[in-house]
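First comes the structure, then the notes that go with it.
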Amino acid sequence: MPRAVRIARQRRVWPVGVRFDAVGDLEPHRLRVYAAMIRALDRSVGDILDTLEEEGLAENTIVIFSSDNGGPGYIGLPEINDPYRGWKLTLFEGGIRVPLFIRWPARIPAGQEVASPAGHIDLLPTLASACGAAQPDGVEIDGRNLLPLATGEASALGDDTIFWQSAYNQVVRKGDWKLQVSQRPDKVWLYNLADDPTEQVNLAEEEPELVVLMSAMLEQHQKGAREPLYPYTVEGPVAVDKTLADTIEPGDEVIYWPN
């Protein structure tokens, strides 16, 4: 769940306390490899921005930077999604809450920050609006135009419901409430992200009416879905709070991820 955010250009901002001049000295090996990948990404983004400046295109070029998921637990680095629970291959916040940076100096003020959640499906209508392009006729577009948020012209965009799904793992977020349902395990999680952004207190038993209401939202969402083009062929266990570098103990929360 990206956040619609625009910031001025920033380089050399590192996770897990890594410095550019220390990559070769890092231990263990998995941290060294991860740091090298982040370094390469940072340099590549910098090269693109430098080229836009050199060509005189930076002022009126839209640059969007985001990610499709949080960091994976299988690389064994526990801090990469802090303070959020979960990893890539889960629908906890550590797996789906990612940054969304939009840079457009001609329209978006430097330093503008928006806390409203957004989804990548919002990028199509956003870019279409920025270009003055009409959206296709006869096609229902689920996304929303984020430009009023990014420019500061609006503080909200109406319906803020967002859905995620991987086979039998489903999530709906409405406002600050987030409902997650699964079949493996057969479990329901309900969190108020305003009070509990790190998803420590499952309120499903305390708020049964809200569970019913949000479950109905998931069911209604499924009615408009089509069958997957590529059904999953494998299911694997994922520890929600531990990486593959840790020892999984009885009682640790584990979900199954279809892939």
Side-chain angles (χ1 to χ4, degrees), residues 1-55 57-58 61-105 108 110-111 113 117-120 123 127 164 166 197-199 230 232-234 236-248 252 254-255 257-259:
M1 168 196 46
R3 292 193 308 162
V5 176
R6 193 282 177 196
I7 60 171
R9 174 177 170 184
Q10 295 181 351
R11 296 181 66 186
R12 291 158 177 77
V13 178
W14 282 69
V16 292
V18 177
R19 301 192 319 275
F20 265 79
D21 58 357
V23 172
D25 301 325
L26 290 174
E27 294 293 343
H29 175 69
R30 63 170 64 92
L31 179 57
R32 185 165 60 248
V33 172
Y34 180 73
M37 294 175 66
I38 297 296
R39 182 179 186 178
L41 178 62
D42 180 90
R43 287 178 168 178
S44 297
V45 172
D47 289 343
I48 292 171
L49 297 180
D50 289 343
T51 300
L52 291 174
E53 294 283 357
E54 293 166 2
E55 298 294 328
L57 300 173
T61 296
I62 301 174
V63 178
I64 297 175
F65 185 92
S66 189
S67 175
D68 60 339
N69 48 250
Y74 52 73
I75 63 175
L77 300 179
E79 299 177 6
I80 54 175
N81 296 329
D82 276 359
Y84 304 108
R85 292 187 74 196
W87 325 94
K88 174 185 178 180
L89 306 184
T90 79
L91 294 178
F92 290 88
E93 292 295 282
I96 60 177
R97 183 186 290 245
V98 298
L100 171 59
F101 302 117
I102 304 178
R103 183 183 190 269
W104 189 12
I108 301 176
E113 182 171 343
H120 289 135
L123 295 182
L127 294 174
W164 293 263
S166 178
T198 59
E199 299 175 298
Y230 303 99
Y232 67 90
T233 57
V234 64
V238 181
V240 177
D241 301 305
K242 291 184 175 180
T243 75
L244 284 187
D246 302 316
T247 300
I248 310 302
D252 289 339
V254 174
I255 62 98
W257 189 257
N259 204 353

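Atoms considered below: every heavy atom in the structure, side chains included; atoms not considered: hydrogens, waters and symmetry mates.
- For the atom pair CZ of Arg39 and OH of Tyr34, the computed distance is 15.5 Å after rounding to the nearest 0.5 Å.
- Thr243 has its side chain out of reach of Ile75: every pair of non-hydrogen atoms, C-beta onward, lies at least 4.5 Å apart.
- A pairwise comparison of heavy atoms in Lys242 and Thr247 identifies NZ-O, 2.9 Å as the closest pair.
- Rounding to the nearest 0.5 angstrom, the gap separating the CZ atom in Phe65 from the CG atom in Leu100 is 10.5 Å.
- The line from NE2 of His120 to OG of Ser67 is 7.0 Å long, rounded to the nearest 0.5 Å.
- Residues Leu127 and Ile64 are in side-chain contact: their nearest non-hydrogen atoms beyond the backbone lie under 4.5 Å apart.
- A distance of 9.0 Å separates OG of Ser66 from CD1 of Ile102, quoted to the nearest 0.5 Å.
- Inter-residue side-chain proximity for Leu49 and Arg103 is flagged as met; some heavy-atom pair is nearer than 4.5 Å.
- Asn81 places a side-chain N or O within 3.5 Å of a backbone atom of Gly71 that can act as its donor or acceptor partner.
- A 4.5 Å side-chain heavy-atom check between Pro72 and Leu89 finds every atom pair outside the cut-off.
- Of the possible donor and acceptor atoms, none in the side chain of Glu93 sits under 3.5 Å from a partner among the backbone N and O of Pro197.
- Distance alone, capped at 3.5 Å, places no donor-acceptor pair between the Asp241 side chain and the Arg85 backbone.
- Sorted by first and then second residue, the pairs that involve residues 68-99 and meet ring pair (Phe, Tyr, Trp, His ring centres under 6.0 Å), not counting sequence neighbours, are Phe92-Trp189.
- Nearest heavy atom pair, residue Thr61 against residue Leu57, reads OG1-O, 2.5 Å.
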